[in-house]
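Quick notes on the structure that follows.
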There are 2 protein chains.
Amino acid sequence: MKQTGDLALVKKMNTAIVLDAVLRYAPLSRAQISERTGLNKATVSSLVLDLIDNHLVADLGPGASSGGRKPNLLEFRASSGYAVGIDLGVNYIRGILTDLEGGVVAEHRLTLKAQNVESVIPRLLECIETLRARIPACPYGMVGIGIGVPGLVNESGTILFAPNLSWPEVPLRTIVEERFGVPVTIDNEANAGAQGEQRYGAGRGIANQIYVSVGIGIGTGMILNKELYKGAGGFSGELGHLSIHADGKPCRCGNQGCWELYASENALLEQSAPLGYHDLDALLEAAGRGEPEVLALFERIGEALGVGIANIVNVFNPDVVIIGNEMRRAEAWIEEAVQRTVARRALAHHRGKLQVLFAEQGEKSAVRGAAYYAISAFLGKMKGSGV
Amino acid sequence: MKQTGDLALVKKMNTAIVLDAVLRYAPLSRAQISERTGLNKATVSSLVLDLIDNHLVADLGPGASSGGRKPNLLEFRASSGYAVGIDLGVNYIRGILTDLEGGVVAEHRLTLKAQNVESVIPRLLECIETLRARIPACPYGMVGIGIGVPGLVNESGTILFAPNLSWPEVPLRTIVEERFGVPVTIDNEANAGAQGEQRYGAGRGIANQIYVSVGIGIGTGMILNKELYKGAGGFSGELGHLSIHADGKPCRCGNQGCWELYASENALLEQSAPLGYHDLDALLEAAGRGEPEVLALFERIGEALGVGIANIVNVFNPDVVIIGNEMRRAEAWIEEAVQRTVARRALAHHRGKLQVLFAEQGEKSAVRGAAYYAISAFLGKMKGSGV
DNA sequence: TTTCTTTGTTTACTAGACAAACAAAGTTTC
DNA sequence: GAAACTTTGTTTGTCTAGTAAACAAAGAAA
């Protein structure tokens with residue numbers, strides 16, 4: 001049985017349109033919504049009434065007249081509910097509490113000593129609990145939880161494979177949903193980061209954005225037409241395993257010459273070990289001092305990043321590519337090499353409008369994206385519910 | 001002004017659902033449509049009436065009873081109109097006439113001596129005219145024209161760049177539309193081929209399919225979720241310029257080590273020239289005789305194809321990859337190498353369900369896909385028109 | 001003051017989906 | 001072979017949501 005069209009669908013669509021207009025252009029009047037969306041004034045009035053009943057929109061009262069009756073300005077009620085976003089890292093858990101516009105109202109971060117499931121899950125639940133306790137009085141309370149994890153996740157929110165956590169299959173969504181009784185969304189850290197930058201960072205308002213999360217490995221999140229793209233079966237974005245040297249080093253994935261062997265934080269540290277540097281902080285500090293070998297190393301990594309980005313550009317022709325996660329911190333030392341390499345290798349036609357940027361949300365790209373999942377699921381449901 | 005929801009939209013959606021059911025499961029009764037789609041019986045009856053008025057569906061009269069009143073079976077009226085599909089090659093024009101189900105009812109092929117616009121366009125129009133003359137009497141006549149071209153095309157049907165034709169920008173859609181007065185769709189040959197295989201060939205019923213057109217260069221058409229995917233701005237699929245040897249040969253595109261430098265027909269002929277073979281036919285014949293150098297050459301090309309296909313698989317995780325265009329003719333000599341290379345290099349998780357196949361429609365993939373564009377545009381419009 | 005504008009609600013109407021009743025045309029059972 | 005049951009597809013009446021047009025409220029301009 002397919003999705004059939006009926007009146008409920010029409011109302012849902014139009015409610016979404018009205019709410020979207022309020023979100024984007026608030027404060028604005030019913031008349032402005034009508035004009036902007038093409039919906040009839042009466043329709044807008046009726047839908048706005050529903051939204052006010054649902055505590056999603058507030059009537060602020062009269063604004064300035066433009067030569068006739070004063071308009072009644074409307075506003076999105078961002079504080080009717082709160083969402084929790086979690087970035088589950090390899091050795092930390094970062095959590096935030098946001099309002100319905102995604103604005104951060106509280107943060108909580110904790111460091112993980114052990115990686116095993118038995119010790120991490122309780123701390124994760126505890127982190128969520130801490131944030132929940134800080135939700136102000138409001139109609140909806142905690143509307144949902146979004147979690148970004150360093151691994152592959154299937155549609156039902158089970159972690160299938162988390163190389164750096166070495167977990168077995170964990171049905172994380174079920175576990176968290178049963179504990180808190182609100183909808184939970186789980187996704188890969190790179191996808192969450194892509195959302196975070198798309199909604200609140202460097203990708204705002206840009207239709208086609210590719211987020212490259214350069215950490216221990218390389219992960220990617222692709223936003224195509226403002227929507228997160230998931231390949232067939234929900235798994236894709238394994239761009240870290242694009243081979244850029246067909247006859248190159250063997251990778252644990254079975255292929256040879258994978259991009260992440262040349263451009264990840266791991267690749268950087270492997271090459272810096274002989275120089276006596278064993279973490280990114282030390283390297284950044286050395287680069288700051290102007291150590292020539294370290295500068296050359298960063299340049300090499302920047303070039304390798306550029307090669308892979310040029311490939312991505314040739315395949316997807318995005319408007320913007322955003323480099324995030326740990327490697328973003330080396331912006332000052334790699335940017336020039338990245339830009340130069342992409343400019344030389346990407347197809348002329350695609351290069352025109354393309355921008356290569358660094359994550360604006362810094363280490364918060366993924367948490368904010370995770371919180372957005374929860375908000376988006378909640379608002380989607382509200383529009384659907386009609387009443 | 002965005003797309004708002006109204007009753008017309010609902011009707012359009014439901015009409016599409018009903019028509020789709022008839023296309024897929026004909027002959028079937030109104031009651032079966034209702035059950036299958038979840039639409040109310042009364043709704044189905046009313047929509048079917050409209051479709052019959054529009055000559056898109058025919059009532060065949062009573063079928064066998066299943067223990068009650070006999071059903072009235074319905075059928076799609078494929079011969080209510082005809083579409084023209086054109087494959088504009090570098091040295092040929094291939095045209096077909098199809099009914100609304102895509103069945104080929106006439107063909108016309110001609111060879112091009114010159115490639116310049118001035119001589120090709122008149123011959124193209126002449127080819128369409130010849131096919132139009134063969135349309136049987138029917139309610140709609142020629143419903144549209146689809147054309148596949150060897151180059152980049154923008155949304156308004158202008159050929160931007162056709163390397164092997166060396167044409168300037170040509171507003172082909174406008175030209176053909178003005179001449180024949182029916183909707184014209186222009187797209188890249190690889191996209192058309194992907195559609196042809198998706199609808200009538202090896203990709204039938206498969207949601208995520210990537211068609212690799214290996215000819216002079218390499219082009220690709222991607223079907224994701226049964227829909228042709230076009231990247232940002234409508235251009236994408238330049239997978240031929242994915243670099244597989246970052247330090248490899250320079251390509252005319254500016255990059256180095258592009259896939260098509262190692263796996264296209266051009267690459268094949270370049271490597272076979274020292275052996276004294278200058279076209280694919282001669283090579284196929286030599287391979288048939290068992291010439292060891294030629295067999296080794298095909299194996300090398302097969303491996304190079306496999307490297308690129310493994311990359312594609314890692315990015316998109318498709319259900320099937322279909323190799324088409326000229327190189328498909330070497331299936332017997334390259335298949336083993338391709339399969340072996342992909343199996344070794346693609347991520348284990350993606351390899352499971354993946355199939356690598358050769359185009360079933362042979363040299364007709366692109367023409368049939370082109371005709372499908374015209375049919376699809378026509379049926380889309382009919383559903384919209386309501387009446 | 002009078003007239004004009006702008007905003008947002010009310011009223012009357014329309015299209016299309018749906019449920020339920022029903023008619024038509026079978027088959028099965030006794 | 002009549003009565004009972006089934007299946008199909010139409011008819012009838014109801015409901016919902018969107019729209020146009022009229023209108024009321026409130027202010028600006030002349």
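Naming: A, B, ... by sequence-line order, numbering from 1 per chain. Just so it is clear, the values below take in all heavy atoms, side chains as well, and ignore hydrogens, waters and symmetry mates.
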Using residues 96-103 of chain B as the side-chain source, report each donor-acceptor pair under 3.5 Å to any protein atom, sequence neighbours left out, with the distance given to one decimal.
residue: Asp99(B); atom: OD1; partner: Glu101(B); partner atom: N; Å: 2.8
residue: Asp99(B); atom: OD1; partner: Gly102(B); partner atom: N; Å: 3.1
residue: Asp99(B); atom: OD1; partner: Gly103(B); partner atom: N; Å: 3.0

(message) I need the CG-C1' distance between Leu73(B) and dG9(D), as an integer number of Å.
(response) 13 Å
(message) Can you list everything that forms a salt bridge (charged side-chain N to carboxylate O under 4.0 Å, His left out) with Arg199(A)? Sequence neighbours excluded, please.
(response) none
(message) Just the rounded figure in Å: distance from P of dC18(C) to CG of Leu7(B).
(response) 12 Å
(request) Round to the nearest Å and state the distance from Leu49(A) atom CG to dG8(C) atom P. (result) 13 Å
(request) Keeping to residues at least two apart or across chains, list the salt bridge (charged side-chain N to carboxylate O under 4.0 Å, His left out) pairs with something in residues 61-76 of chain A. (result) none
(request) Kindly write out the residues that satisfy ring pair (Phe, Tyr, Trp, His ring centres under 6.0 Å) with Phe180(A), not counting sequence neighbours, or none if the list is empty. (result) none
(message) Applying side chain to side chain donor-acceptor pair (under 3.5 Å), can you list everything that pairs with Asn188(A), at least two apart in sequence or on another chain?
(response) none
(request) Could you tell me the separation between the CG atom of Asp50(B) and the C1' atom of dA17(C), rounded to a whole number of Å? (result) 14 Å
(message) Could you tell me how far apart Asn72(B) (CG) and dT10(D) (C1') are, to the nearest whole angstrom?
(response) 12 Å
(message) If we ignore hydrogens and angles and just use 3.5 Å, is the side chain of Asn225(B) paired with the main-chain N or O of Glu227(B) as donor and acceptor?
(response) no
(request) Using a strict 4.0 Å threshold on nitrogen-to-oxygen distance, state whether Arg77(A) and Asp59(A) make a salt bridge. (result) no
(message) Whole angstroms only, please: what is the CE-P distance between Met13(B) and dG16(C)?
(response) 15 Å
(message) With a 4.0 Å cutoff (strictly under), does any side-chain N or O of Ser45(B) reach OP1 or OP2 of dT10(D)?
(response) yes
(request) Using the test side-chain contact (heavy atoms from CB on, under 4.5 Å), find all partners of Glu360(A) that sit at least two apart in sequence or belong to another chain. (result) Glu197(A), Ala202(A), Arg204(A)
(request) Return the nearest nucleotide to the side chain of Lys11(B); candidates are dG8(C), dG18(D), dA17(C). (result) dA17(C)
(request) Could you pick out which residue, Gln32(A) or Leu47(B), lies toward the 5' side of DNA chain C when each is mapped onto its nearest nucleotide? (result) Gln32(A)
(request) Would you indicate what Thr43(A) reaches in the nucleic acid, counting non-hydrogen atoms under 4.0 angstrom: base, sugar-phosphate, or nothing? (result) base
(request) Note the angle between the end axes of the helix from dT1(C)-dA30(D) to dC30(C)-dG1(D), five pairs defining each, rounded to 10 degrees. (result) 10°
(message) Without decimals, in angstroms, what is the distance between Leu9(A) CG and dA17(C) C1'?
(response) 12 Å
(request) Starting from P on dA15(C), measure out to CG on Asp6(B) and report it in whole angstrom. (result) 13 Å
(request) Could I get the full list of side-chain contact (heavy atoms from CB on, under 4.5 Å) partners for Ile206(B), not counting sequence neighbours? (result) Asp319(B), Val320(B)
(request) Output yes when at least one side-chain N/O atom of Asn14(A) is less than 4.0 Å from OP1 or OP2 of dG18(D), else no. (result) yes
(request) Heavy atoms under 4.0 Å is the rule here; annotate nucleotides 21-30 of chain D 5' to 3' with B where the base is hit, S where only the sugar-phosphate is, and - elsewhere. (result) ---BBBBS--
